[in-house]
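Working notes for the structure below.
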Amino acid sequence: MKLLDALILSLSLALIIVGIHQTLVNGIGSAYAIFMFAVALLFWFQLRRNQKQNPPAEIPKKSINPKKKN
């Protein structure tokens, strides 16, 4: 796990804890944005993890002047 991955995961978990605290103190309405940002960070972490495991396949290059067959 790289540094950026660890930071994304740690920040998302910290935001979940802050969101739970805000929910208990002020209600879900005040913590909604915090939860959504935490979920977005978790999706970003998952995307980075999946891209590391399955790198995209290279597209074969086509020649500009194809040879004609007679």
- Message: According to a hydrophobic-cluster definition based on side-chain heavy atoms being under 4.5 Å apart (Ile, Leu, Val, Met, Phe, Trp, Tyr only), do Ile20 and Ile28 belong together?
- Response: yes

- Task: Establish whether Leu15 and Leu24 are linked, either directly or via other cluster members, by ILVMFWY side-chain heavy-atom contacts under 4.5 Å.
- Result: yes

- Query: Quick one: CG on Leu11 to CH2 on Trp44, what's the gap to the nearest 0.5 Å?
  - Reply: 9.5 Å

- Would you name the heavy atoms of Ser30 and Gln22 that are closest together and state the gap between them? OG-O, 3.8 Å

- Query: Which atoms form the tightest heavy-atom contact between Leu41 and Ser12, and what is the distance?
  - Reply: CB-CB, 3.8 Å

- Once you round to the nearest 0.5 Å, how far does CG of Leu47 lie from CG of Leu42? 12.5 Å

- Task: List the steps, then state whether side-chain contact (heavy atoms from CB on, under 4.5 Å) holds for Arg49 with Asp5.
- Result: CA-CA 8 Å; Arg49 199 168 126 205; Asp5 294 335; over 6 Å; no

- Do Val18 and Leu7 belong together in a cluster built from hydrophobic side chains that touch within less than 4.5 Å? no

- Shared ILVMFWY cluster between Ile17 and Met36, side chains joined below 4.5 angstrom? no

- Interatomic spacing from CZ in Arg48 to CG in Leu9 - rounded to 0.5 Å: 12.0 Å

- Item | Inter-residue atom distance Ile16.CD1 - Phe37.CZ, 0.5 Å rounding | 12.0 Å

- Note on the structure: In this structure, OG of Ser10 is separated from CZ of Phe45 (nearest 0.5 Å) by 9.0 Å

- Hey, what do you get for NZ (Lys2) to CD1 (Ile8), rounding to the nearest 0.5 Å? 12.0 Å

